[in-house]
Amino acid sequence: MTTESTWAAVDTYFTDLLVPEDEALAHARHAAEAAGLPPISVTPTQGKLLHLLARLVPAHRILEIGTLAAYSTIWLARALPDDGRLITLEFAPAHAAVARANLAHAGLDKVAEVRTGPALDSLAALHAEGTAPFDLVFIDADKANNARYLEWSLKLTRPGGLIVLDNVVRSGEVADAASDDPALLGTREALELIASHPDLDGTAVQTVGAKGYDGFALARVRA
C-alpha cells in the first residue's frame, strides 16, 4: 500500500474500533456532502479528540471559530454539561444554514449557537458584549487570520483554558520560511505568537490520517 492509503486504512481501523459514527454524525456528514460543502471537516478520531479535550479541561463554555456543517461542533457540544454553552462562528450563510439544521437534528440547537458573518467581527462583538470567558476555543477557519483569531481567543478565554489551532502543518509546508502563501504566513504568525506570548504555553503535533499530513497546536492560557 502507498503511504497515504496506509494512513487512511489505519484511520478506518481506529474509527471502527474506537469511534463508530452514530446517526447524528453520519447525518451531518451526508448533509454536508449533499449541500456541496468542501470535505474539510475533522475526521471522527479528531472529533473524539476534541471531545475528550473539552471534557478534560473541563469545559462549560466553548467557542469554535469555523463551523462548516457543524461536524466538529457536535463532538464539542456533546462534551458539555447540561448547563454548558457553545458559540460557533461561520462566515458563509449557506454553511451556517446546514450547520443549524445538523445541530437541530442532533438535539443540540439549544446548546450550540451559530453566529454568521466575518469571524473577526463576531469575535469583536462577543468581546463588546462582555461575554463570559470560554474554557476551550477551537480555531479552524481561514488560515490567513490565524494570528488574529488567536489574539481574540486569548482575550476571550479564562486563565487555565485551552486553545486548539487546527491545520498547522499544511503537508509540511509550514516549515518553509520563504513561502508567501497567506495561509502559511498566518499559521506561522500564530505559532510564533504561541511561542512568544507570556500568557500562552503551547506545543504543536504532526498528524497523518484520512485527511493526509497535517497537525494541530495546543496552547494553555497561563493561570
Side-chain angles (χ1 to χ4, degrees), residues 1-57 59 62 64-79 86 88 90 95 98-99 101-103 105-106 108 112 136-143 146 162-176 179 181 183-184 186-188 190-191 194 202-219:
M1 290 190 292
T2 66
T3 300
E4 290 79 7
S5 63
T6 301
W7 297 344
V10 172
D11 243 10
T12 298
Y13 168 68
F14 285 158
T15 299
D16 292 346
L17 181 66
L18 300 170
V19 199
E21 196 174 55
D22 63 23
E23 189 278 334
L25 288 165
H27 175 89
R29 182 167 51 81
H30 293 315
E33 293 171 0
L37 273 62
I40 56 174
S41 295
V42 300
T43 63
T45 51
Q46 292 166 347
K48 185 60 175 290
L49 175 62
L50 291 171
H51 176 90
L52 292 174
L53 288 172
R55 294 189 67 180
L56 287 167
V57 167
I62 295 174
E64 181 182 47
I65 304 172
T67 314
L68 198 62
Y71 190 87
S72 56
T73 319
I74 293 172
W75 277 112
L76 288 165
R78 285 177 169 178
L86 184 150
T88 183
E90 173 55 48
H95 295 182
V98 175
N102 285 337
L103 288 167
H105 184 84
L108 295 167
L136 185 147
V137 179
F138 178 47
I139 303 173
D140 189 15
D142 60 297
K143 310 310 173 186
N146 269 341
L162 180 66
I163 301 170
V164 182
L165 180 63
D166 202 12
N167 305 128
V168 301
V169 173
R170 318 294 299 173
S171 298
E173 295 178 9
V174 71
D176 181 6
S179 174
D181 181 347
L184 290 175
T187 298
R188 287 174 64 95
L191 291 168
I194 292 173
T203 190
V205 177
Q206 301 180 77
T207 62
V208 297
K211 294 295 179 66
Y213 173 35
D214 213 324
F216 60 90
L218 296 170

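Not measured: the values here are computed from a predicted model.
When every heavy atom of Ile74 is checked against every heavy atom of Ala106, the shortest pair comes out as CD1-CB, 4.1 Å. Closest approach of Ala59 to Val57, counting heavy atoms only: N-CB, 3.8 Å. Residues His51 and Trp75 come closest through the heavy atom pair ND1-O, 3.0 Å. For Ile139 against Ile163, the heavy-atom pair with the smallest separation is CD1-CG2, 3.8 Å. When all heavy atoms of Gly202 and Ile194 are compared, the closest pair comes out as CA-CG2, 3.8 Å. Closest approach of Arg170 to Asp214, counting heavy atoms only: N-OD1, 3.1 Å.
The distance from the CZ atom of Phe138 to the CG atom of Leu50 is 4.5 Å, given to the nearest 0.5 Å. Interatomic distance, CG of Leu17 versus OG1 of Thr12, reported as 12.0 Å (0.5 Å rounding). Put simply, CD1 on Ile40 and CG on Asn167 are 8.0 Å apart, with the number rounded to the nearest 0.5 Å. In this structure, Leu162 CG and Leu136 CG are separated by 5.0 Å, a value rounded to the nearest 0.5 Å. Rounded to the nearest 0.5 angstrom, Lys48 NZ and Thr43 OG1 are separated by 12.5 Å. A distance of 9.5 Å separates OG in Ser171 from CG in Leu184, rounded to the nearest 0.5 Å.
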Do any side-chain atoms of residues 65-73 form donor-acceptor pairs under 3.5 angstrom with protein atoms, and if so which ones, sequence neighbours left out?
unit_1: Thr67; atom_1: OG1; unit_2: Thr88; atom_2: OG1; d: 2.6
unit_1: Thr67; atom_1: OG1; unit_2: Leu89; atom_2: O; d: 3.2
unit_1: Tyr71; atom_1: OH; unit_2: Glu21; atom_2: OE2; d: 2.8
unit_1: Ser72; atom_1: OG; unit_2: Glu64; atom_2: OE2; d: 2.5
unit_1: Thr73; atom_1: OG1; unit_2: Glu64; atom_2: OE1; d: 2.5

inquiry  = Run Arg78 and Asp22 through salt bridge (charged side-chain N to carboxylate O under 4.0 Å, His left out) and show every step you take.
reply    = CA-CA 13 Å; Arg78 285 177 169 178; Asp22 63 23; 2.7 Å; yes

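Between the side chain of Asp11 and the backbone N or O of Ala210, at least one donor-acceptor pair lies under 3.5 Å.
Proximity of His95 to Pro38: side-chain heavy atoms (C-beta onward) are separated by under 4.5 Å at one or more points. Residues Leu53 and Leu218 form a side-chain contact, since some pair of their non-hydrogen atoms from C-beta on lies under 4.5 Å apart.
A side-chain contact (heavy atoms from CB on, under 4.5 Å) with Phe216 is found for one member of Asp166, Val169, Val42 and no other, namely Asp166.
More than 12 heavy atoms of other residues, nucleotides or ligands shown are found within 6.0 angstrom of OH on Tyr213.
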